[in-house]
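Some notes on the structure that comes next.
Order of the sequence lines fixes the chain letters, A, B, ..., with proteins taken first and strands second; residue numbering starts at 1 for each chain. In this text, all values refer to a predicted model and were calculated from it rather than measured experimentally.
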Number of protein chains: 2
Amino acid sequence: MTTAEISGSVRRRQADRRARTRSALLEAAARGLSTYGYANLVLERVANEAGYTRGALYHLFANKEDLALAVVGWIEETWNAEVGRRADQETHPVDALIAIARGHAAYCRREMARAMVTLRVEFTGQDHPVGRAIATIVDRLAASCAALIAAARSSGAIPPGPPPAAMASAFLGVVEAVGIELAGQAPFDTQLAERAVRGLLGLPPVAPAVEARGDAAVLPPDEEPT
Amino acid sequence: MTTAEISGSVRRRQADRRARTRSALLEAAARGLSTYGYANLVLERVANEAGYTRGALYHLFANKEDLALAVVGWIEETWNAEVGRRADQETHPVDALIAIARGHAAYCRREMARAMVTLRVEFTGQDHPVGRAIATIVDRLAASCAALIAAARSSGAIPPGPPPAAMASAFLGVVEAVGIELAGQAPFDTQLAERAVRGLLGLPPVAPAVEARGDAAVLPPDEEPT
DNA sequence: CGGATAACCTACATGCATGTACGTATGTAG
DNA sequence: CTACATACGTACATGCATGTAGGTTATCCG
């Protein structure tokens, strides 16, 4: 029984206990959202998978929407920490774009990345707070990519083409597609994403010598939510 | 006109009426599925948007699932007619892949293409008849692409890389991504899809002279369902 | 040790969407 | 003109998921 397990385990502070159950619920919710989406997500299943009941969930989150928004916020944090920070360290716009392509393709191995796609597709064309939250993140990211594309063009690094905003949308779509389609493949080849976006942007292809070696990146498993 | 022909045309009136309302409901359902997905699709809205009530819908379709399956079948037909046939006419595998890339990117302008994506995402990882129907279509398509990739490799047209099945998944993902992200943009540049998949597959980029001209394809609006 | 507070569970109320049964009107054949 | 079939509408029943209220158990502090 749950109560016996709790009383038998090591004593924790109330805040710790709260944070721990909150993390468990968030993780279960992220898994559920990535597979079932928002509408098909049933809260009792989420709570049970985390080892609780709906009562605990409604004690920690206001409602279903609040739970989903918390998951979206968690996604944004982890993405910024794992991908955005790496891209910000690059000085040249092309390098930053490639860093985003490879980093996001790698990030797509995580459960949360699939949740991002699922929610975005589900709420496209709707007017729902969760959809707006997702759109805000993606729009910010797209704006950054559009600025990078514009900068790379003005410096002559990539040839002219469609408007930067449109190219940025296609760019992110390509990166996401490669990441999602290849998530679960081992070894995970993040260079495929780079090859695709190079073609899209009009950059010269990667050197054949490097390409033949096929460098594969290995990712650590999902971390615990904070 | 003979009496048989007259009675035949008269007998047709009911069948025609049935087919017309069926088409109207199918079209409304496709629109609804592309924006709301399956779970959020409300049959009363579908029927009302087609100018009927749920009674007519349940007279022509067994249930919600049957309606969605009919939409999926309609998607498959139109896709084969507009994209698959074009690809089959190409003799060289690379040309067939490019034809699929450009054709599918163009096809993505249609409402139904968005429904295809929405349903596929919604039912990924589920065991639902609608999801199976979608998966069957996509799997067949992916198998065709994988065969084309393998053929192109054995003829030396494209360099070696990840397994053809994985490449085919990424290929379709890229094509879909470019098509979806750029649907609604005008002029619609199907060549972006070609550039992206060329990079992905390891093909040389398109000639700059042709690229600079930026040939845009214009599509007719959605046809009536048959 | 014991009250207070927070974490958590159980049971009920509500709303919404599907599916079904039945009613009506229009078309069709003998 | 009569009898039947088909297209479509209306109203009810059911199931399911959310949200809420109140009770129970665990933790904190004087």
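When rounded to the nearest whole Å, the span between CG of A/N40 and C1' of D/dC16 equals 12 Å. The distance between atom CG of B/L43 and atom C1' of C/dT20, rounded to the nearest whole Å, is 14 Å. For the pair A/N63 CG and D/dT20 P, the interatomic distance rounds to 8 Å; values are reported in whole Å. Distance CZ (A/F61) to C1' (D/dT18): 16 Å, rounded to an integer number of Å. Atom-to-atom, CG of A/D66 to P of D/dG19 comes out at 10 Å; the value is rounded to the nearest Å. When the C1' atom of C/dG19 is taken as reference, atom NZ of B/K64 falls 12 Å away, rounded to whole Å. In this structure, A/H59 atom NE2 and C/dC9 atom P are separated by 11 Å, rounded to whole Å. The interatomic distance linking B/L67 (CG) with C/dG19 (C1') rounds to 14 Å, in whole Å.
Residue contacts for B/Y52: at a heavy-atom cut-off of 4.0 Å it reaches the sugar-phosphate backbone alone, with no base atom in range. Looking at heavy-atom distances under 4.0 Å, B/L25 makes no contact with the nucleic acid at all. Within the 4.0 angstrom heavy-atom criterion, only backbone atoms of the sugar-phosphate kind lie near B/L41; the bases stay farther away.
A donor-acceptor contact under 3.5 angstrom links the side-chain atoms of B/R54 to the base of C/dG19.
Side-chain atoms of B/T118 come within 3.5 Å of backbone N or O of B/S34 as a donor-acceptor pair.
Closest approach of B/L25 and B/A47 over heavy atoms only: CD2-CA, 4.0 Å. Between B/I149 and B/P164, the closest heavy-atom pair is CD1-O, 4.1 Å.
In this structure, of D/dT18, C/dC8, D/dC8, it is C/dC8 that holds the atom nearest to the side chain of A/L60. Of the candidates D/dA7, C/dC8, D/dC8, D/dC8 carries the atom nearest the B/A56 side chain, counting heavy atoms from C-beta on. Side-chain proximity of A/R17 to D/dA26, D/dA17, D/dT6: nearest is D/dA26.
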Step by step, would you call B/R198 with B/E194 a salt bridge (Lys or Arg N to Asp or Glu O under 4.0 Å)? CA-CA 6 Å; B/R198 275 181 174 275; B/E194 178 173 350; 3.1 Å; yes
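For the pair A/R45 and A/Y36, the distance from NZ or CZ to the six-membered ring centre is under 6.0 Å and the angle to the ring normal is within 45 degrees.
At C/dT10, none of the side-chain N or O atoms of A/T53 fall inside 4.0 Å of OP1 or OP2 (strictly under the cut-off).
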